[in-house]
Enquirer: 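Next up is a structure, given as structure tokens.
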Amino acid sequence: MSRLMSYREALNEAMAQEMRRDPRVFVYGIDVADHKRTFMSSKGLVEEFGLDRCFSTPLAEDAMTGFGLGAAIAGMRPIHVHMRVDFLLLGLNQLVNMIATQRYGSGGRFAVPMVIRAIIGRGWGQSFQHSKTLQSWFAHIPGLKVVMPSTPRDAKGMLVAAIRDDNPVIFIEHRWLYDVVGEVPEHSDEIRLDGAKVIHPGSDITVVATSWMNVEAVKAAEILKKRGVGVEVVDVRSISPFDCQTIIDSVQRTRHCIVADNDWTHCGFSAEVAATVYEACMGQLRAPIRRIGFAPTPCPCARPLENEFYPNAVSIIRAVEAMLKLSETDLSHEDFYSYENKFKGPF
Amino acid sequence: MSRLMSYREALNEAMAQEMRRDPRVFVYGIDVADHKRTFMSSKGLVEEFGLDRCFSTPLAEDAMTGFGLGAAIAGMRPIHVHMRVDFLLLGLNQLVNMIATQRYGSGGRFAVPMVIRAIIGRGWGQSFQHSKTLQSWFAHIPGLKVVMPSTPRDAKGMLVAAIRDDNPVIFIEHRWLYDVVGEVPEHSDEIRLDGAKVIHPGSDITVVATSWMNVEAVKAAEILKKRGVGVEVVDVRSISPFDCQTIIDSVQRTRHCIVADNDWTHCGFSAEVAATVYEACMGQLRAPIRRIGFAPTPCPCARPLENEFYPNAVSIIRAVEAMLKLSETDLSHEDFYSYENKFKGPF
Amino acid sequence: MKEKELNRYLYQKAYLIRRAEAAIRADYASDKMKTPMHMSTGGEAIAAGVCQALRPQDQILGTYRSHGIYLAKTSETDAFFAEMYGKATGVAKGKGGSMHLTAVDHGLICTSAIVGTTIPVAVGAAYANKMQKNGKVVAVFFGDGAVDEGVFWESLNSACVMKLPVLFVYEDNGLAVHVPAEQRHGYKSIIEIVRQFNCNVFSSETTDPEAVYNLALQAIGAMNKYQQPSFLRLAYYRYLEHVGTNEDFNSGYRDRAEFERWRKADPVELQRKKLGKWFSEGEITAIERTIDEQVEGSIKRADEAQFSQPQALYEDVLA
Amino acid sequence: MKEKELNRYLYQKAYLIRRAEAAIRADYASDKMKTPMHMSTGGEAIAAGVCQALRPQDQILGTYRSHGIYLAKTSETDAFFAEMYGKATGVAKGKGGSMHLTAVDHGLICTSAIVGTTIPVAVGAAYANKMQKNGKVVAVFFGDGAVDEGVFWESLNSACVMKLPVLFVYEDNGLAVHVPAEQRHGYKSIIEIVRQFNCNVFSSETTDPEAVYNLALQAIGAMNKYQQPSFLRLAYYRYLEHVGTNEDFNSGYRDRAEFERWRKADPVELQRKKLGKWFSEGEITAIERTIDEQVEGSIKRADEAQFSQPQALYEDVLA
Ligand SMILES: Cc1ncc(C[n+]2csc(CCOP(=O)(O)OP(=O)(O)O)c2C)c(N)n1
Ligand SMILES: Cc1ncc(C[n+]2csc(CCOP(=O)(O)OP(=O)(O)O)c2C)c(N)n1
Ligand SMILES: [Mg+2]
Ligand SMILES: [Mg+2]
């Protein structure tokens with residue numbers, strides 16, 4: 001049975017069901033147990049499972065990352081939550097030097113079942129210290145899994161899978177997705193952590209997108225469909241392991257590829273996608289791959305600059321038109337609803 | 001006037017000359033002033049400039065990274081030294097959230113003239129916590145410059161340029177290079193921080209290499225030259241800003257490209273190079289680009305596994321042969337001297 | 001400085017902060033200021049008192065909650081409000097917003113939205129000053145949440161071992177977002193801990209700007225005398241929500257009664273009362289009117305100013 | 001446990017560590033052990049005493065300098081030496097080397113070559129134990145360099161506020177590589193600082209394994225009684241160079257005379273002398289011979305064992 005629910009509720013349900021099923025699962029992080037409950041994604045957990053299994057910690061990201069590792073080795077299944085991926089920069093020593101290597105370094109004698117939820121995404125002029133994504137960083141390190149679900153269904157199914165996985169999983173959530181509503185099954189079915197998915201079919205061009213950029217890409221696809229242009233949107237979902245085959249299959253059909261990554265492009269995940277697609281589709285591409293991402297600058301605060309910094313459906317439409325040598329679509333009557341309004345002020 | 005000197009001596013001379021020239025320059029970091037002087041690269045600096053300008057610090061990478069930022073804004077030109085790039089993982093919050101953004105965040109009101117020297121490279125079974133490179137991480141972040149010189153001449157000239165640059169520069173040194181000897185000018189001439197360089201000419205195939213992989217690539221080129229195969233080696237030198245034009249020019253001549261990066265490949269700098277070259281050379285490449293890097297695992301300790309983990313001249317030779325559809329060269333009489341012997345035990 | 005003059009300055013600073021934030025509160029709902037606001041209201045004594053004790057060439061650093069120290073150190077409101085409105089005339093041309101204030105000419109080095117991050121930066125600036133023998137004092141403001149972070153301890157330890165002229169100003173409101181200090185601190189008293197370092201320690205619960213000023217002078221004096229850092233703990237009550245411009249006494253994590261207690265010793269009112277000793281009510285009102293006009297003028301200019309041009313996005317990344 | 005038995009156990013542990021490291025020293029120059037060696041020699045009392053105070057199910061974590069605690073906790077040498085020689089039969093199949101020892105069945109969780117990194121891991125393990133109500137004690141060993149790092153303070157604070165059963169063992173040799181503590185610590189006494197936390201504090205300069213054992217028992221007792229962490233400072237002298245198997249008294253940063261002073265109270269000799277109370281010289285020698293043979297046998301097997309196959313490189317990355 002499926003019901004409609006928001007991405008936020010889907011995350012919440014995944015955690016609640018897993019905590020009911022498995023007493024080893026617990027959730028912790030700065031402010032997770034306060035009345036705002038990490039944008040309400042941990043709503044009800046304190047009430048149902050108590051402060052032992054859902055708690056706020058001192059402001060100590062480095063230690064609290066290692067804390068999760070210790071708890072995982074000693075038999076628990078921790079979920080560490082970061083209100084902003086930027087704060088995880090304080091925990092990278094533990095993540096990279098310790099968490100990613102401990103199974104290998106013990107010759108496989110133990111596993112590290114741990115989930116790190118990190119929230120990304122635009123806010124309200126939050127500027128350069130609250131706006132990073134960093135999926136290419138995490139994916140670069142062997143020993144970590146990295147996923148970025150973009151629908152409520154995937155949010156639930158992939159979070160369930162991540163919690164049950166015996167490896168460290170970095171689970172990256174764009175906050176504008178929190179209010180996206182979709183069908184979500186009641187049961188806690190796992191959705192695999194290593195599969196891309198075609199979320200909008202089309203035969204003229206492939207747009208490979210991550211996280212929020214899928215919403216923008218689907219919007220672009222819907223608009224272009226009206227003039228008969230078929231945009232296939234592939235939601236990468238898993239950054240590492242990376243399911244390149246689904247993408248390659250699509251590009252081999254459309255022979256055109258745009259990568260719309262929710263991040264900077266230089267040395268980013270979009271480079272990995274482009275390099276992989278080029279290699280597999282040598283001689284089959286009709287045009288060079290176009291990579292779309294953040295402007296190569298720190299993120300500015302003021303709205304007009306911020307709007308320049310972030311790519312969106314319009315950037316994708318213009319890139320498709322350029323690649324397919326089409327005239328510019330008249331967008332003056334299109335309604336580009338922004339989820340940002342749901343996150344209105346102050347943060 | 002040029003003399004022969006080692007990479008180690010070249011680094012030392014660059015720092016000494018700049019410290020003589022500019023009283024604002026100082027060098028600091030864990031153990032920089034002890035009797036081992038960071039593999040002797042800071043030899044003589046304490047004696048000539050005193051402990052105020054060359055000092056060891058508490059073990060506090062996070063604070064000491066921010067310390068450099070503060071000193072730079074307040075008028076100094078700090079050089080922060082890390083015996084291992086892996087230790088810089090403790091300073092990434094300062095590096096990424098603060099150092100890379102402060103100029104932007106002040107609307108350009110001040111600059112951050114700071115050099116971070118980080119040593120990389122194989123040692124003596126040092127395994128997974130002392131073997132990372134991370135150039136793609138640094139290069140991914142706007143606001144940082146990232147360089148990896150591979151010759152004594154470049155070590156000196158680029159370190160001089162980095163010290164004089166008004167931006168934060170990450171200066172990555174492979175320890176096996178420390179004993180490489182070459183011509184180095186006496187004067188402190190700057191070598192630009194944004195230029196790749198052809199270090200071995202050839203017309204059949206381009207090998208784009210970073211850091212130590214240049215030594216391996218040149219060795220491969222010399223061996224293959226004997227059978228008439230022309231390998232052009234391009235030393236990237238600058239990871240960010242990235243001089244793609246020199247590479248593209250070479251590949252457009254040779255129509256074959258191998259990227260030999262001193263790092264993991266997934267979401268690494270080699271992906272950026274490949275994506276960029278593919279884009280610029282659409283329809284001109286005779287074969288898919290081959291990316292060579294570390295095995296996708298943490299670095300193991302035991303020598304036979306370590307040897308599998310690291311690519312070398314032989315991996316490059318085999319890749320060239322495969323791409324050019326040549327038979328395997330007989331390497332049984334080749335002498336693959338390893339600089340590792342100079343770094344023999346224990347670290 | 002004469003007592004009268006000193007107290008007038010202190011009031012001007014405190015009133016300016018209160019007044020400027022009131023103006024932000026009044027216009028924030030219009031959505032023109034698209035930047036997350038962390039208000040200083042309630043903590044004016046600290047900003048006014050410490051900044052008054054510093055000289056123009058002395059340097060300060062702060063957090064995302066730094067309207068107070070910006071205004072107290074600079075007395076400037078044009079570039080301040082322009083930044084709140086995201087305009088090209090702002091301190092950072094609109095690139096930084098409320099959480100990233102700089103005023104290099106006035107000695108405000110920077111403020112930061114990542115907890116604890118400016119503490120080591122202050123230590124480095126102190127080192128630079130020591131090397132340059134310029135006699136500058138660096139003061140860094142941070143909260144009771146920041147001391148949870150390892151970087152505070154690394155910085156404190158490093159400054160103490162290096163004997164650097166840095167003043168650590170611990171702004172103790174007992175909360176990190178909504179989590180009280182008792183749930184985050186595994187000790188009874190931070191000052192007893194810091195006392196064990198080679199550091200001078202001062203502490204007070206006062207809301208009187210003048211008392212803060214005197215304590216800051218002492219702390220700076222000790223720093224110079226003993227050639228080691230000083231640590232100054234100052235308690236205050238955060239009147240408004242953690243981020244945003246509203247009260248939040250109905251959200252359950254704290255009690256309005258506590259606010260009412262602190263409100264009785266409101267720093268701005270307290271300082272105003274003291275002025276009565278030297279100034280008539282009319283004179284005080286005149287001081288206030290001048291500041292009101294300054295603020296209103298700055299807001300008007302900020303509102304009318306242009307945003308940075310789109311290409312400004314790409315500027316200032318590298319020198 | 002009877003005093004006699006206890007002292008024999010302590011001597012067996014101390015002698016095993018000394019003997020195993022002597023064997024490493026003897027063969028290191030042959031280059032068969034291609035892994036950076038940080039020797040425990042001189043610190044045997046700490047490893048033997050603390051591990052003797054722990055039960056088999058209790059857990060420990062350490063640093064790159066952890067031969068001592070591995071041997072004291074496991075009394076095992078086959079997998080140990082195989083790891084030194086990089087062989088498939090090693091604790092980590094040769095993937096870890098000297099700096100990365102694990103022995104999950106014996107309660108050794110892990111050791112790490114990045115200073116300070118296992119401290120928070122211990123705190124997390126303590127939390128897991130508390131949740132699982134399994135009564136296990138976690139002890140984490142770290143040096144006087146590790147407390148320079150912020151993560152020590154974050155971990156200490158978190159363990160204190162969460163009231164976790166974790167024993168912090170501060171192995172104080174006064175050096176981080178070659179830099180003395182005075183040049184890194186901005187305070188006189190770490191234990192006075194830690195006393196200000198909600199933590200039981202113990203400290204000693206003893207090199208007597210039995211004294212360490214007794215102190216560790218006290219520290220664990222206090223931990224259980226007061227339901228809060230304990231901090232145990234134990235001084236010792238590092239006999240050999242920071243990394244490597246040689247002495248380094250000629251490199252100028254420390255004095256052989258200091259070594260000679262400590263050498264008079266050498267932990268292994270001290271414990272051996274005490275055994276005279278219960279054992280004849282012949283009995284003691286027999287104890288030693290058994291260990292000698294164990295070590296020699298393990299080295300022989302390690303030397304003869306196979307390296308992991310090349311494809312093993314790719315195994316154990318993910319579960
Ligand atoms: C490293 C980091 N972790 C978490 C946050 C989220 N955060 C923002 S403010 C804050 C509380 C800080 O409390 P305190 O230092 O007492 O300052 P106050 O807000 O009370 O002025 C937190 C946890 C952050 N900005 N940076
Ligand atoms: C984070 C980090 N910084 C620097 C180093 C280099 N390093 C290795 S051991 C060491 C000294 C540690 O001293 P201490 O904690 O006292 O341990 P000891 O070696 O004395 O046992 C340093 C600086 C490291 N391994 N990790
Ligand atoms: Mg606070
Ligand atoms: Mg030590």
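Each chain gets a letter, A, B and so on, in the order its sequence line appears, and its residues count up from 1. Bear in mind that the values here come from a model prediction, so they are computed numbers and not experimental data.
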Enquirer: Give the minimum heavy-atom separation between A:Pro142 and B:Pro296, together with the two atoms involved.
Expert: CB-O, 3.6 Å
Enquirer: Output the distance between atom CZ (A:Phe138) and atom SG (B:Cys267), rounded to the nearest 0.5 Å.
Expert: 11.5 Å
Enquirer: For A:Tyr104 and B:Pro300, work out which heavy atoms get closest and say how close.
Expert: OH-CB, 3.9 Å
Enquirer: Quick one: CG on A:Leu89 to CD1 on B:Ile141, what's the gap to the nearest 0.5 Å?
Expert: 7.5 Å
Enquirer: What part of A:Arg290 is in contact with chain B, defined as an atom under 4.5 angstrom from a non-hydrogen atom: side chain, backbone, both or neither?
Expert: neither
Enquirer: Report the C-alpha separation of B:Glu279 and A:Ile289 in whole Å, then their side-chain angles, then the decisive distance to 0.1 Å, and conclude whether the side chain to side chain contact (heavy atoms under 4.5 Å, CB included) test is met.
Expert: CA-CA 7 Å; B:Glu279 178 172 343; A:Ile289 295 171; over 6 Å; no
Enquirer: Give, as side chain, backbone, both or neither, the part of B:Ser127 having an atom under 4.5 angstrom from any heavy atom of chain A.
Expert: neither
Enquirer: As an exercise, state the distance from CG of B:Asp62 to CG of A:Asp62, rounded to the nearest 0.5 Å.
Expert: 8.0 Å
Enquirer: Where does A:Ser270 contact chain B at under 4.5 Å (heavy atoms): side chain, backbone, both or neither?
Expert: neither
Enquirer: Decide side chain to side chain contact (heavy atoms under 4.5 Å, CB included) for A:Glu272 and B:Thr265; before the verdict, give the C-alpha distance in whole Å, the side-chain angles of both, and the deciding distance to 0.1 Å.
Expert: CA-CA 9 Å; A:Glu272 181 64 42; B:Thr265 56; 5.7 Å; no
Enquirer: State, yes or no, whether a side-chain contact exists between B:Tyr278 and A:Pro288 at a heavy-atom distance under 4.5 Å.
Expert: no
Enquirer: Tell me, for A:Leu285 versus chain B, whether the close heavy atoms (under 4.5 Å) come from the side chain, the backbone, both or neither.
Expert: both
Enquirer: How far does OG1 of A:Thr276 sit from CZ of B:Arg291, to the nearest 0.5 angstrom?
Expert: 5.0 Å
Enquirer: Is chain B contacted by the side chain of A:Ala287, its backbone, both, or neither, given a heavy-atom distance below 4.5 Å?
Expert: backbone
Enquirer: CG/B:Asn93 to CZ/A:Phe87 distance, rounded to the nearest 0.5 angstrom?
Expert: 9.5 Å
Enquirer: Give me the atom names and distance for the closest heavy-atom approach of B:Ile239 to A:His266.
Expert: O-NE2, 3.1 Å
Enquirer: Any idea which of A:Ala139, A:Ala274, A:Ala100, A:Gly283 has the most non-hydrogen atom pairs under 4.5 angstrom with chain B?
Expert: A:Ala139
Enquirer: Quick one: pull up CG in A:Leu92 and CG in B:Leu92 and give me the separation to the nearest 0.5 Å.
Expert: 5.5 Å
Enquirer: Testing the basics here: between A:Ala275 and B:Ala271, what is the closest heavy-atom pair and its distance to 0.1 Å?
Expert: CB-O, 3.9 Å
Enquirer: Apply the side chain to side chain donor-acceptor pair (under 3.5 Å) test between B:Asn97 and each candidate in A:Gln129, A:Lys132, A:His130; give the one that qualifies.
Expert: A:Lys132
Enquirer: Apply side chain to side chain contact (heavy atoms under 4.5 Å, CB included) to the pair A:Phe128 and B:Val96, showing each step before the final yes or no.
Expert: CA-CA 10 Å; A:Phe128 45 84; B:Val96 174; over 6 Å; no
